[in-house]
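The residues of the chain are indexed from 1 along the displayed sequence. Ligands are counted one by one from 1 in listed order, and the atoms in each one are counted from 1 as well.
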Amino acid sequence: MSKDAKGIAHGLTNYGDRDFSLYLRRSFAQSMGYSRADLDKPVVGIAYTPSAFNNCHRHFPEMLEAVKRGVLMAGALPLEFPTVSLGEVFLNPTSLKFRNLMSMDTEEMVRAQPMDSVVLMGGCDKTVPAQLMGAVSAGRPAIMLVAGPMMTGRHRGERLGACTDCRRFWAQYRAGTIDAAEISEVEGKLATTAGTCAVMGTASTMACLIEALGMMLPGTAAIPAVHADRLRAAEATGAAAVKLIGSPLTPDKIVNQKSIENALRVLLAIGGSTNAVIHLAAIAGRAGLGVSLERLNELSDTTPVLVNLKPVGNGYMEDFFAAGGIGALLRELKDLLHLDCLTVTGETLGERLNAQDKEAWVDRTIIAERGKPLEPQGGLVALFGNLAPKGAILKRSAADSRLFEHEGRAVVFSSLEDLAARIDDPKLDVEANDILVLQHAGPHSAAAMPEAGYLPIPKKLAVKGVKDMVRISDARMSGTAFGTIVLHVTPDAASGGPLGLVRNGDRIKLSVKERRIVLLVDDAELKRRAAQVPVQAEPPLRGYARLYAQEVLGADEGCDFAFLKPR
Ligand code: FES
(Lines give C-alpha, C1' and ligand atoms only; values in the text may rest on other atoms or scores of the structure.)
Protein backbone atom coordinates (compact mmCIF):
# COMPACT_ATOMS: atom_id res chain seq x y z
CA MET A 1 0.00 0.00 0.00
CA SER A 2 1.42 3.36 -1.01
CA LYS A 3 1.99 6.20 1.44
CA ASP A 4 0.37 8.46 -1.18
CA ALA A 5 -3.11 7.11 -0.43
CA LYS A 6 -5.54 10.00 -0.17
CA GLY A 7 -8.39 8.10 1.47
CA ILE A 8 -11.44 10.13 2.29
CA ALA A 9 -9.68 13.30 1.10
CA HIS A 10 -9.67 12.02 -2.50
CA GLY A 11 -11.52 14.27 -4.96
CA LEU A 12 -13.10 16.82 -2.65
CA THR A 13 -16.56 18.26 -3.17
CA ASN A 14 -16.04 21.73 -4.55
CA TYR A 15 -17.13 24.50 -2.16
CA GLY A 16 -14.33 26.85 -3.18
CA ASP A 17 -12.41 26.12 0.06
CA ARG A 18 -10.54 22.79 0.21
CA ASP A 19 -10.06 22.78 3.98
CA PHE A 20 -13.76 23.45 4.53
CA SER A 21 -14.63 20.65 2.09
CA LEU A 22 -12.49 18.14 3.96
CA TYR A 23 -13.76 19.29 7.35
CA LEU A 24 -17.36 18.95 6.17
CA ARG A 25 -16.77 15.53 4.59
CA ARG A 26 -15.11 14.18 7.72
CA SER A 27 -17.89 15.59 9.85
CA PHE A 28 -20.57 13.91 7.77
CA ALA A 29 -18.59 10.66 7.63
CA GLN A 30 -18.34 10.71 11.43
CA SER A 31 -22.14 10.87 11.52
CA MET A 32 -21.99 7.26 10.24
CA GLY A 33 -20.01 6.29 13.35
CA TYR A 34 -16.50 6.29 11.90
CA SER A 35 -13.71 7.59 14.14
CA ARG A 36 -11.06 10.08 13.00
CA ALA A 37 -8.59 7.17 13.06
CA ASP A 38 -10.82 5.26 10.63
CA LEU A 39 -11.09 8.26 8.38
CA ASP A 40 -7.32 8.74 8.25
CA LYS A 41 -6.91 5.31 6.63
CA PRO A 42 -6.74 4.63 2.88
CA VAL A 43 -10.15 3.77 1.44
CA VAL A 44 -11.16 0.72 -0.57
CA GLY A 45 -14.45 1.26 -2.35
CA ILE A 46 -16.63 -1.79 -2.96
CA ALA A 47 -19.01 -1.60 -5.94
CA TYR A 48 -21.82 -3.59 -4.40
CA THR A 49 -24.67 -4.93 -6.51
CA PRO A 50 -27.24 -6.91 -4.54
CA SER A 51 -30.80 -6.40 -5.70
CA ALA A 52 -34.15 -8.00 -5.07
CA PHE A 53 -34.30 -8.21 -8.87
CA ASN A 54 -31.07 -10.22 -9.04
CA ASN A 55 -31.29 -13.78 -7.66
CA CYS A 56 -27.68 -14.47 -8.67
CA HIS A 57 -26.39 -11.92 -6.13
CA ARG A 58 -28.54 -12.97 -3.18
CA HIS A 59 -25.51 -14.02 -1.08
CA PHE A 60 -23.72 -10.69 -1.54
CA PRO A 61 -24.32 -9.50 2.03
CA GLU A 62 -22.25 -12.43 3.35
CA MET A 63 -19.57 -11.93 0.70
CA LEU A 64 -19.44 -8.21 1.49
CA GLU A 65 -18.67 -8.98 5.14
CA ALA A 66 -15.74 -11.12 4.02
CA VAL A 67 -14.40 -8.46 1.64
CA LYS A 68 -14.60 -5.86 4.40
CA ARG A 69 -12.80 -8.20 6.81
CA GLY A 70 -9.97 -8.55 4.30
CA VAL A 71 -9.71 -4.79 3.78
CA LEU A 72 -9.76 -4.02 7.50
CA MET A 73 -7.16 -6.66 8.36
CA ALA A 74 -4.88 -5.20 5.68
CA GLY A 75 -5.17 -1.74 7.25
CA ALA A 76 -7.63 0.19 5.09
CA LEU A 77 -11.22 1.36 5.42
CA PRO A 78 -13.80 -0.52 3.32
CA LEU A 79 -16.72 1.56 2.04
CA GLU A 80 -19.33 -0.10 -0.14
CA PHE A 81 -21.54 1.79 -2.55
CA PRO A 82 -24.45 0.70 -4.72
CA THR A 83 -24.55 0.78 -8.49
CA VAL A 84 -27.03 -0.45 -11.05
CA SER A 85 -27.47 -4.24 -10.78
CA LEU A 86 -28.64 -6.30 -13.75
CA GLY A 87 -30.55 -9.53 -13.03
CA GLU A 88 -30.62 -11.30 -16.37
CA VAL A 89 -34.22 -12.47 -16.42
CA PHE A 90 -35.76 -9.43 -14.77
CA LEU A 91 -35.05 -6.81 -17.43
CA ASN A 92 -37.11 -5.71 -20.40
CA PRO A 93 -36.40 -5.81 -23.27
CA THR A 94 -33.02 -7.34 -22.42
CA SER A 95 -30.17 -6.83 -19.96
CA LEU A 96 -27.68 -5.98 -22.71
CA LYS A 97 -29.47 -2.68 -23.26
CA PHE A 98 -28.52 -1.65 -19.73
CA ARG A 99 -24.95 -3.00 -19.60
CA ASN A 100 -23.59 0.35 -20.79
CA LEU A 101 -25.72 2.19 -18.22
CA MET A 102 -24.19 0.05 -15.47
CA SER A 103 -20.70 0.64 -16.87
CA MET A 104 -21.27 4.40 -16.87
CA ASP A 105 -22.60 4.24 -13.30
CA THR A 106 -19.56 2.19 -12.20
CA GLU A 107 -17.05 4.43 -13.98
CA GLU A 108 -18.49 7.67 -12.66
CA MET A 109 -19.00 6.50 -9.06
CA VAL A 110 -15.48 5.03 -8.89
CA ARG A 111 -14.05 8.27 -10.19
CA ALA A 112 -16.26 10.72 -8.30
CA GLN A 113 -16.12 9.15 -4.82
CA PRO A 114 -13.10 9.11 -2.50
CA MET A 115 -11.46 5.71 -2.87
CA ASP A 116 -7.87 4.61 -3.42
CA SER A 117 -8.81 1.29 -5.01
CA VAL A 118 -12.00 -0.60 -5.67
CA VAL A 119 -13.38 -4.14 -5.42
CA LEU A 120 -15.96 -4.81 -8.13
CA MET A 121 -18.55 -7.33 -6.94
CA GLY A 122 -20.53 -8.70 -9.87
CA GLY A 123 -21.68 -12.00 -11.26
CA CYS A 124 -24.84 -12.17 -13.33
CA ASP A 125 -24.19 -12.03 -17.08
CA LYS A 126 -23.87 -8.35 -17.92
CA THR A 127 -22.67 -7.12 -14.53
CA VAL A 128 -19.10 -8.34 -14.88
CA PRO A 129 -18.38 -6.85 -18.33
CA ALA A 130 -20.18 -3.65 -17.30
CA GLN A 131 -17.97 -3.29 -14.23
CA LEU A 132 -14.74 -3.98 -16.08
CA MET A 133 -15.68 -1.58 -18.91
CA GLY A 134 -16.31 1.10 -16.29
CA ALA A 135 -13.12 0.28 -14.39
CA VAL A 136 -10.96 0.41 -17.52
CA SER A 137 -12.37 3.84 -18.30
CA ALA A 138 -12.09 5.06 -14.69
CA GLY A 139 -8.38 4.23 -14.53
CA ARG A 140 -8.27 3.57 -10.77
CA PRO A 141 -6.72 0.38 -9.25
CA ALA A 142 -9.42 -2.28 -9.26
CA ILE A 143 -9.92 -5.99 -8.63
CA MET A 144 -12.92 -8.14 -9.50
CA LEU A 145 -14.81 -10.63 -7.38
CA VAL A 146 -17.62 -12.70 -8.86
CA ALA A 147 -20.68 -14.30 -7.31
CA GLY A 148 -19.65 -17.84 -8.26
CA PRO A 149 -21.93 -20.45 -9.81
CA MET A 150 -25.07 -22.07 -8.35
CA MET A 151 -25.07 -25.67 -7.21
CA THR A 152 -27.13 -28.19 -9.16
CA GLY A 153 -30.52 -29.56 -8.08
CA ARG A 154 -32.21 -32.92 -8.65
CA HIS A 155 -35.33 -33.94 -10.54
CA ARG A 156 -36.50 -37.55 -10.32
CA GLY A 157 -32.94 -38.72 -9.74
CA GLU A 158 -31.48 -36.54 -12.51
CA ARG A 159 -29.07 -33.69 -11.87
CA LEU A 160 -30.18 -30.30 -13.18
CA GLY A 161 -28.79 -26.79 -13.35
CA ALA A 162 -29.79 -23.49 -14.87
CA CYS A 163 -30.01 -23.01 -17.60
CA THR A 164 -29.12 -25.58 -20.24
CA ASP A 165 -31.55 -27.95 -18.53
CA CYS A 166 -34.20 -25.17 -18.48
CA ARG A 167 -34.10 -25.23 -22.27
CA ARG A 168 -33.85 -29.00 -22.58
CA PHE A 169 -36.96 -29.56 -20.48
CA TRP A 170 -38.80 -26.73 -22.23
CA ALA A 171 -38.03 -28.32 -25.61
CA GLN A 172 -39.41 -31.63 -24.28
CA TYR A 173 -42.54 -29.84 -23.09
CA ARG A 174 -42.99 -28.18 -26.52
CA ALA A 175 -42.50 -31.53 -28.22
CA GLY A 176 -45.16 -33.03 -25.93
CA THR A 177 -42.88 -35.59 -24.26
CA ILE A 178 -43.43 -34.11 -20.79
CA ASP A 179 -46.67 -32.62 -19.49
CA ALA A 180 -47.63 -29.36 -17.78
CA ALA A 181 -47.39 -30.90 -14.30
CA GLU A 182 -43.83 -32.07 -14.84
CA ILE A 183 -42.59 -28.81 -16.37
CA SER A 184 -44.03 -27.02 -13.35
CA GLU A 185 -42.16 -29.42 -11.05
CA VAL A 186 -38.92 -28.82 -13.01
CA GLU A 187 -39.42 -25.05 -12.75
CA GLY A 188 -38.93 -25.25 -8.99
CA LYS A 189 -35.74 -27.29 -9.23
CA LEU A 190 -33.61 -25.52 -11.83
CA ALA A 191 -32.17 -22.70 -9.74
CA THR A 192 -31.98 -23.74 -6.12
CA THR A 193 -29.07 -21.80 -4.58
CA ALA A 194 -27.56 -18.34 -4.77
CA GLY A 195 -25.06 -17.74 -7.53
CA THR A 196 -24.87 -17.53 -11.30
CA CYS A 197 -26.13 -20.15 -13.77
CA ALA A 198 -24.67 -23.58 -13.05
CA VAL A 199 -23.26 -24.28 -16.51
CA MET A 200 -20.68 -22.61 -18.75
CA GLY A 201 -23.14 -19.86 -19.65
CA THR A 202 -22.29 -16.20 -20.08
CA ALA A 203 -21.73 -15.46 -16.39
CA SER A 204 -19.35 -18.37 -15.86
CA THR A 205 -17.65 -17.69 -19.18
CA MET A 206 -17.05 -14.06 -18.23
CA ALA A 207 -15.77 -15.08 -14.79
CA CYS A 208 -13.25 -17.45 -16.43
CA LEU A 209 -12.18 -14.79 -18.95
CA ILE A 210 -11.71 -12.16 -16.26
CA GLU A 211 -9.41 -14.55 -14.37
CA ALA A 212 -7.51 -15.25 -17.61
CA LEU A 213 -7.27 -11.50 -18.25
CA GLY A 214 -5.64 -11.11 -14.85
CA MET A 215 -8.30 -8.95 -13.19
CA MET A 216 -9.26 -11.47 -10.49
CA LEU A 217 -7.32 -13.44 -7.87
CA PRO A 218 -6.00 -16.77 -9.22
CA GLY A 219 -8.33 -19.69 -8.73
CA THR A 220 -11.41 -17.69 -7.82
CA ALA A 221 -13.54 -17.74 -11.01
CA ALA A 222 -15.20 -21.11 -10.52
CA ILE A 223 -15.67 -21.39 -6.74
CA PRO A 224 -19.36 -22.15 -6.16
CA ALA A 225 -21.36 -19.30 -4.66
CA VAL A 226 -22.22 -21.20 -1.47
CA HIS A 227 -18.78 -22.76 -0.87
CA ALA A 228 -16.75 -21.49 2.09
CA ASP A 229 -13.84 -20.96 -0.32
CA ARG A 230 -15.90 -18.18 -1.93
CA LEU A 231 -15.85 -16.29 1.38
CA ARG A 232 -12.12 -16.89 1.74
CA ALA A 233 -11.69 -15.59 -1.83
CA ALA A 234 -13.75 -12.52 -0.91
CA GLU A 235 -11.54 -11.86 2.11
CA ALA A 236 -8.37 -12.30 0.07
CA THR A 237 -9.77 -9.99 -2.62
CA GLY A 238 -10.32 -7.30 -0.01
CA ALA A 239 -6.71 -7.66 1.16
CA ALA A 240 -5.47 -7.60 -2.45
CA ALA A 241 -7.38 -4.37 -3.07
CA VAL A 242 -5.41 -2.77 -0.22
CA LYS A 243 -2.13 -3.90 -1.80
CA LEU A 244 -3.22 -2.26 -5.05
CA ILE A 245 -3.44 1.18 -3.45
CA GLY A 246 -0.96 3.49 -5.13
CA SER A 247 -0.12 0.87 -7.73
CA PRO A 248 0.28 1.92 -11.35
CA LEU A 249 -1.40 -1.39 -12.26
CA THR A 250 -4.77 0.06 -13.24
CA PRO A 251 -7.23 -2.03 -15.32
CA ASP A 252 -6.32 -0.18 -18.52
CA LYS A 253 -2.75 -1.56 -18.07
CA ILE A 254 -3.92 -5.14 -17.42
CA VAL A 255 -6.33 -5.16 -20.37
CA ASN A 256 -4.12 -5.10 -23.46
CA GLN A 257 -3.99 -6.88 -26.81
CA LYS A 258 -2.09 -9.84 -25.38
CA SER A 259 -4.32 -10.37 -22.36
CA ILE A 260 -7.39 -10.08 -24.61
CA GLU A 261 -5.90 -12.86 -26.76
CA ASN A 262 -5.35 -14.97 -23.65
CA ALA A 263 -9.01 -14.45 -22.79
CA LEU A 264 -10.04 -15.46 -26.32
CA ARG A 265 -7.95 -18.65 -26.03
CA VAL A 266 -9.72 -19.53 -22.79
CA LEU A 267 -13.10 -18.70 -24.33
CA LEU A 268 -12.40 -21.15 -27.14
CA ALA A 269 -11.04 -23.86 -24.87
CA ILE A 270 -14.01 -23.76 -22.51
CA GLY A 271 -16.54 -23.74 -25.38
CA GLY A 272 -17.78 -20.54 -23.77
CA SER A 273 -20.67 -18.24 -24.48
CA THR A 274 -20.98 -16.34 -27.76
CA ASN A 275 -21.92 -13.30 -25.69
CA ALA A 276 -18.32 -13.11 -24.53
CA VAL A 277 -17.20 -12.04 -28.00
CA ILE A 278 -19.39 -8.93 -27.67
CA HIS A 279 -18.31 -8.21 -24.10
CA LEU A 280 -14.59 -8.68 -24.85
CA ALA A 281 -14.90 -6.32 -27.82
CA ALA A 282 -16.52 -3.74 -25.53
CA ILE A 283 -13.89 -4.18 -22.78
CA ALA A 284 -11.05 -4.01 -25.33
CA GLY A 285 -12.71 -0.97 -26.91
CA ARG A 286 -12.47 0.92 -23.61
CA ALA A 287 -8.70 0.40 -23.76
CA GLY A 288 -8.62 1.64 -27.36
CA LEU A 289 -8.28 -1.90 -28.74
CA GLY A 290 -10.45 -4.21 -30.80
CA VAL A 291 -11.28 -7.89 -31.18
CA SER A 292 -10.75 -9.00 -34.76
CA LEU A 293 -13.04 -11.83 -35.84
CA GLU A 294 -10.42 -12.92 -38.38
CA ARG A 295 -7.99 -13.29 -35.48
CA LEU A 296 -10.66 -15.18 -33.52
CA ASN A 297 -10.79 -17.69 -36.38
CA GLU A 298 -6.98 -18.06 -36.37
CA LEU A 299 -7.01 -18.68 -32.62
CA SER A 300 -9.97 -21.04 -32.98
CA ASP A 301 -8.04 -23.19 -35.48
CA THR A 302 -5.24 -23.71 -32.95
CA THR A 303 -7.13 -23.91 -29.66
CA PRO A 304 -8.73 -27.22 -28.66
CA VAL A 305 -11.92 -27.49 -26.61
CA LEU A 306 -10.79 -28.97 -23.29
CA VAL A 307 -13.64 -28.36 -20.86
CA ASN A 308 -16.54 -30.78 -20.70
CA LEU A 309 -19.36 -28.65 -19.30
CA LYS A 310 -22.89 -27.98 -20.47
CA PRO A 311 -24.03 -26.66 -22.87
CA VAL A 312 -21.29 -28.23 -25.03
CA GLY A 313 -20.54 -31.19 -22.74
CA ASN A 314 -21.88 -32.92 -19.64
CA GLY A 315 -20.65 -31.30 -16.44
CA TYR A 316 -21.58 -28.28 -14.33
CA MET A 317 -19.47 -25.45 -12.92
CA GLU A 318 -19.23 -27.17 -9.52
CA ASP A 319 -17.51 -30.05 -11.35
CA PHE A 320 -15.13 -27.63 -13.05
CA PHE A 321 -14.15 -26.18 -9.69
CA ALA A 322 -13.58 -29.64 -8.21
CA ALA A 323 -11.68 -30.68 -11.34
CA GLY A 324 -9.03 -27.98 -10.92
CA GLY A 325 -10.72 -24.86 -12.31
CA ILE A 326 -9.13 -22.24 -14.51
CA GLY A 327 -5.64 -22.89 -13.11
CA ALA A 328 -5.68 -26.46 -14.45
CA LEU A 329 -6.97 -25.26 -17.80
CA LEU A 330 -4.36 -22.50 -18.09
CA ARG A 331 -1.61 -25.07 -17.43
CA GLU A 332 -2.89 -27.13 -20.39
CA LEU A 333 -2.91 -24.05 -22.61
CA LYS A 334 0.37 -22.63 -21.31
CA ASP A 335 2.37 -22.68 -24.54
CA LEU A 336 -0.48 -20.91 -26.37
CA LEU A 337 -0.70 -18.02 -23.91
CA HIS A 338 1.14 -14.71 -23.58
CA LEU A 339 2.84 -15.43 -20.27
CA ASP A 340 4.29 -11.94 -19.81
CA CYS A 341 0.86 -10.40 -19.15
CA LEU A 342 0.66 -8.73 -15.75
CA THR A 343 -2.13 -9.71 -13.39
CA VAL A 344 -3.80 -7.80 -10.60
CA THR A 345 -1.51 -9.41 -8.00
CA GLY A 346 1.54 -7.90 -9.68
CA GLU A 347 2.67 -11.33 -10.91
CA THR A 348 2.80 -12.18 -14.58
CA LEU A 349 0.59 -14.98 -15.84
CA GLY A 350 3.73 -17.06 -16.34
CA GLU A 351 4.81 -16.52 -12.72
CA ARG A 352 1.34 -17.52 -11.57
CA LEU A 353 1.47 -20.75 -13.54
CA ASN A 354 5.02 -21.54 -12.44
CA ALA A 355 3.98 -21.11 -8.81
CA GLN A 356 1.15 -23.64 -9.18
CA ASP A 357 1.50 -27.26 -8.18
CA LYS A 358 2.06 -28.90 -11.54
CA GLU A 359 1.27 -32.31 -10.05
CA ALA A 360 -2.09 -31.15 -8.67
CA TRP A 361 -4.86 -33.66 -9.33
CA VAL A 362 -7.08 -32.81 -12.28
CA ASP A 363 -10.35 -34.56 -13.13
CA ARG A 364 -9.71 -35.49 -16.74
CA THR A 365 -13.38 -36.22 -17.38
CA ILE A 366 -13.98 -32.48 -16.99
CA ILE A 367 -10.69 -30.83 -18.02
CA ALA A 368 -9.09 -32.82 -20.82
CA GLU A 369 -5.37 -33.04 -21.52
CA ARG A 370 -4.10 -31.11 -24.55
CA GLY A 371 -3.24 -34.42 -26.20
CA LYS A 372 -6.79 -35.75 -25.79
CA PRO A 373 -9.08 -32.77 -26.43
CA LEU A 374 -12.85 -32.94 -26.62
CA GLU A 375 -12.59 -31.12 -29.95
CA PRO A 376 -9.35 -30.36 -31.78
CA GLN A 377 -10.48 -26.83 -32.61
CA GLY A 378 -12.11 -24.00 -30.69
CA GLY A 379 -15.76 -23.78 -29.84
CA LEU A 380 -16.54 -20.56 -31.74
CA VAL A 381 -16.10 -19.59 -35.34
CA ALA A 382 -16.71 -16.30 -37.16
CA LEU A 383 -18.50 -16.38 -40.52
CA PHE A 384 -18.36 -13.80 -43.29
CA GLY A 385 -20.13 -13.32 -46.63
CA ASN A 386 -22.65 -11.06 -48.31
CA LEU A 387 -25.16 -11.82 -45.53
CA ALA A 388 -22.73 -10.72 -42.79
CA PRO A 389 -20.10 -8.35 -44.26
CA LYS A 390 -18.80 -7.49 -40.77
CA GLY A 391 -19.14 -11.02 -39.47
CA ALA A 392 -21.40 -13.39 -37.58
CA ILE A 393 -20.70 -15.99 -34.89
CA LEU A 394 -21.49 -19.69 -34.73
CA LYS A 395 -20.86 -21.77 -31.63
CA ARG A 396 -19.83 -24.90 -33.48
CA SER A 397 -19.14 -26.81 -30.26
CA ALA A 398 -22.85 -26.50 -29.38
CA ALA A 399 -24.10 -27.20 -32.93
CA ASP A 400 -25.00 -30.26 -34.98
CA SER A 401 -22.00 -30.88 -37.26
CA ARG A 402 -24.29 -32.48 -39.86
CA LEU A 403 -25.57 -28.97 -40.59
CA PHE A 404 -22.14 -27.34 -40.95
CA GLU A 405 -22.23 -27.53 -44.75
CA HIS A 406 -25.83 -26.73 -45.58
CA GLU A 407 -27.90 -24.92 -48.19
CA GLY A 408 -31.56 -24.29 -47.57
CA ARG A 409 -34.63 -22.22 -48.23
CA ALA A 410 -35.11 -19.16 -46.00
CA VAL A 411 -38.19 -18.97 -43.79
CA VAL A 412 -38.17 -15.35 -42.66
CA PHE A 413 -39.56 -13.71 -39.54
CA SER A 414 -39.39 -9.93 -39.78
CA SER A 415 -39.35 -9.29 -36.02
CA LEU A 416 -39.71 -10.95 -32.64
CA GLU A 417 -43.43 -10.22 -32.71
CA ASP A 418 -43.74 -11.91 -36.12
CA LEU A 419 -41.77 -14.88 -34.78
CA ALA A 420 -44.01 -15.23 -31.74
CA ALA A 421 -47.15 -14.95 -33.88
CA ARG A 422 -46.24 -17.55 -36.51
CA ILE A 423 -43.58 -20.01 -35.32
CA ASP A 424 -46.14 -22.50 -34.03
CA ASP A 425 -48.78 -21.86 -36.68
CA PRO A 426 -49.70 -25.25 -38.15
CA LYS A 427 -50.00 -23.51 -41.54
CA LEU A 428 -46.39 -22.23 -41.45
CA ASP A 429 -44.65 -23.32 -44.65
CA VAL A 430 -41.51 -24.87 -43.14
CA GLU A 431 -39.53 -28.08 -43.52
CA ALA A 432 -36.66 -29.56 -41.56
CA ASN A 433 -34.07 -28.56 -44.18
CA ASP A 434 -35.13 -24.92 -44.24
CA ILE A 435 -33.17 -22.12 -42.62
CA LEU A 436 -35.03 -19.97 -40.10
CA VAL A 437 -34.15 -16.27 -40.34
CA LEU A 438 -35.01 -13.67 -37.71
CA GLN A 439 -34.63 -9.99 -38.64
CA HIS A 440 -34.67 -6.79 -36.58
CA ALA A 441 -33.43 -8.27 -33.33
CA GLY A 442 -29.96 -6.68 -33.44
CA PRO A 443 -28.45 -3.92 -31.31
CA HIS A 444 -29.99 -1.12 -33.40
CA SER A 445 -33.50 -2.57 -33.24
CA ALA A 446 -36.08 -1.63 -30.63
CA ALA A 447 -35.53 -5.12 -29.21
CA ALA A 448 -31.87 -4.16 -28.42
CA MET A 449 -30.32 -7.54 -29.31
CA PRO A 450 -32.00 -9.94 -26.90
CA GLU A 451 -31.02 -13.57 -26.46
CA ALA A 452 -33.63 -14.56 -29.01
CA GLY A 453 -31.27 -16.13 -31.55
CA TYR A 454 -32.17 -19.56 -30.20
CA LEU A 455 -35.29 -19.64 -32.37
CA PRO A 456 -37.56 -22.46 -31.26
CA ILE A 457 -38.00 -25.35 -33.65
CA PRO A 458 -41.48 -24.81 -35.18
CA LYS A 459 -43.92 -26.93 -33.21
CA LYS A 460 -45.06 -28.89 -36.26
CA LEU A 461 -41.44 -30.04 -36.75
CA ALA A 462 -40.60 -30.42 -33.04
CA VAL A 463 -43.39 -32.96 -32.56
CA LYS A 464 -41.96 -34.94 -35.49
CA GLY A 465 -38.65 -35.16 -33.62
CA VAL A 466 -36.67 -32.38 -35.37
CA LYS A 467 -34.15 -31.20 -32.80
CA ASP A 468 -31.90 -28.78 -34.72
CA MET A 469 -32.12 -26.52 -37.77
CA VAL A 470 -29.87 -23.76 -39.10
CA ARG A 471 -31.11 -20.53 -37.57
CA ILE A 472 -29.75 -17.08 -38.46
CA SER A 473 -30.31 -13.73 -36.79
CA ASP A 474 -28.77 -10.48 -35.66
CA ALA A 475 -29.74 -11.37 -32.08
CA ARG A 476 -27.66 -13.03 -29.37
CA MET A 477 -28.07 -16.44 -27.75
CA SER A 478 -27.89 -17.37 -24.12
CA GLY A 479 -24.57 -18.92 -23.21
CA THR A 480 -26.54 -21.87 -21.90
CA ALA A 481 -28.22 -22.70 -25.24
CA PHE A 482 -27.23 -25.04 -28.05
CA GLY A 483 -28.01 -25.60 -31.75
CA THR A 484 -26.72 -24.68 -35.22
CA ILE A 485 -27.34 -21.02 -34.66
CA VAL A 486 -25.69 -18.15 -36.51
CA LEU A 487 -25.74 -15.03 -34.34
CA HIS A 488 -24.68 -11.39 -34.23
CA VAL A 489 -25.07 -10.93 -38.00
CA THR A 490 -23.42 -7.55 -38.57
CA PRO A 491 -24.44 -5.00 -39.71
CA ASP A 492 -27.84 -5.78 -38.22
CA ALA A 493 -31.09 -5.43 -40.14
CA ALA A 494 -32.15 -2.27 -38.29
CA SER A 495 -28.96 -0.45 -39.33
CA GLY A 496 -29.49 -1.39 -43.00
CA GLY A 497 -27.59 -4.70 -43.04
CA PRO A 498 -28.30 -7.29 -45.75
CA LEU A 499 -30.03 -9.57 -43.24
CA GLY A 500 -33.04 -7.25 -43.59
CA LEU A 501 -33.14 -7.96 -47.32
CA VAL A 502 -33.72 -11.72 -47.03
CA ARG A 503 -37.13 -12.83 -48.30
CA ASN A 504 -39.05 -16.09 -47.88
CA GLY A 505 -37.83 -18.68 -50.35
CA ASP A 506 -34.34 -17.19 -50.88
CA ARG A 507 -31.54 -19.74 -50.75
CA ILE A 508 -28.85 -19.37 -48.08
CA LYS A 509 -25.59 -21.30 -47.92
CA LEU A 510 -23.71 -21.98 -44.70
CA SER A 511 -20.17 -23.39 -44.87
CA VAL A 512 -18.35 -23.69 -41.57
CA LYS A 513 -15.35 -25.12 -43.42
CA GLU A 514 -15.08 -21.99 -45.56
CA ARG A 515 -16.29 -19.66 -42.79
CA ARG A 516 -19.01 -18.42 -45.15
CA ILE A 517 -22.61 -17.37 -44.80
CA VAL A 518 -24.00 -16.39 -48.19
CA LEU A 519 -27.37 -15.18 -49.42
CA LEU A 520 -27.71 -16.66 -52.91
CA VAL A 521 -29.43 -13.63 -54.41
CA ASP A 522 -27.71 -11.45 -57.01
CA ASP A 523 -26.52 -7.94 -56.21
CA ALA A 524 -28.99 -6.21 -58.55
CA GLU A 525 -31.94 -7.80 -56.77
CA LEU A 526 -30.50 -6.93 -53.36
CA LYS A 527 -30.09 -3.31 -54.50
CA ARG A 528 -33.70 -3.26 -55.68
CA ARG A 529 -34.85 -4.58 -52.29
CA ALA A 530 -32.65 -2.12 -50.40
CA ALA A 531 -34.29 0.79 -52.22
CA GLN A 532 -37.68 -0.40 -50.98
CA VAL A 533 -36.73 -0.68 -47.29
CA PRO A 534 -38.93 1.75 -45.35
CA VAL A 535 -37.30 4.69 -43.55
CA GLN A 536 -36.34 3.82 -39.97
CA ALA A 537 -38.66 4.88 -37.19
CA GLU A 538 -37.70 7.98 -35.17
CA PRO A 539 -35.58 7.21 -32.08
CA PRO A 540 -37.37 7.43 -28.71
CA LEU A 541 -37.87 11.02 -27.63
CA ARG A 542 -36.16 11.02 -24.24
CA GLY A 543 -34.13 9.35 -21.56
CA TYR A 544 -31.80 6.41 -21.68
CA ALA A 545 -33.72 4.85 -24.57
CA ARG A 546 -32.85 7.86 -26.72
CA LEU A 547 -29.19 7.79 -25.66
CA TYR A 548 -29.06 4.07 -26.47
CA ALA A 549 -30.68 4.51 -29.90
CA GLN A 550 -28.35 7.35 -30.84
CA GLU A 551 -25.09 5.95 -29.54
CA VAL A 552 -25.10 2.15 -29.68
CA LEU A 553 -22.46 0.58 -31.91
CA GLY A 554 -22.65 -2.73 -33.77
CA ALA A 555 -21.81 -6.14 -32.34
CA ASP A 556 -18.34 -5.88 -33.93
CA GLU A 557 -17.64 -3.00 -31.53
CA GLY A 558 -19.17 -4.74 -28.56
CA CYS A 559 -22.45 -2.76 -28.65
CA ASP A 560 -20.74 -0.06 -26.59
CA PHE A 561 -21.70 3.57 -26.91
CA ALA A 562 -19.59 5.58 -29.33
CA PHE A 563 -18.92 8.38 -26.83
CA LEU A 564 -17.61 5.96 -24.16
CA LYS A 565 -14.66 4.86 -26.28
CA PRO A 566 -11.40 6.71 -25.67
CA ARG A 567 -10.80 9.62 -28.03
FE1 FES B 1 -27.75 -14.61 -13.54
FE2 FES B 1 -27.86 -16.78 -15.35
S3 FES B 1 -29.48 -15.52 -14.55
S4 FES B 1 -26.16 -15.80 -14.42
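Within the sub-2.8 Å shell of atom 2 (Fe) of ligand 1, the protein contributes these N/O/S atoms: Cys197 SG.
Proximity of a side-chain donor or acceptor of Ser204 to a complementary backbone N or O of Gly201 within less than 3.5 Å is not detected.
In this structure, Arg167 satisfies the cation-pi test against Tyr454, with its NZ or CZ atom closer than 6.0 Å to the six-membered ring centre and inside 45 degrees of the ring normal.
The aromatic rings of Tyr544 and Phe561 lie tilted to each other, with the angle between the two planes from 30° to 60°.
Among residue pairs with one or both ends in residues 137-149, those qualifying as side chain to side chain donor-acceptor pair (under 3.5 Å) are His10-Arg140, Ser137-Arg286; sequence neighbours excluded.
Partners of His444 under the ring pair (Phe, Tyr, Trp, His ring centres under 6.0 Å) rule, at least two apart in sequence or in another chain, do not exist in this structure.
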Identify all side-chain donor-acceptor contacts of residues 214-224 below 3.5 Å with residues at least two apart in sequence or on another chain.
from, atom 1, to, atom 2, distance (Å)
Thr220, OG1, Leu217, O, 2.7

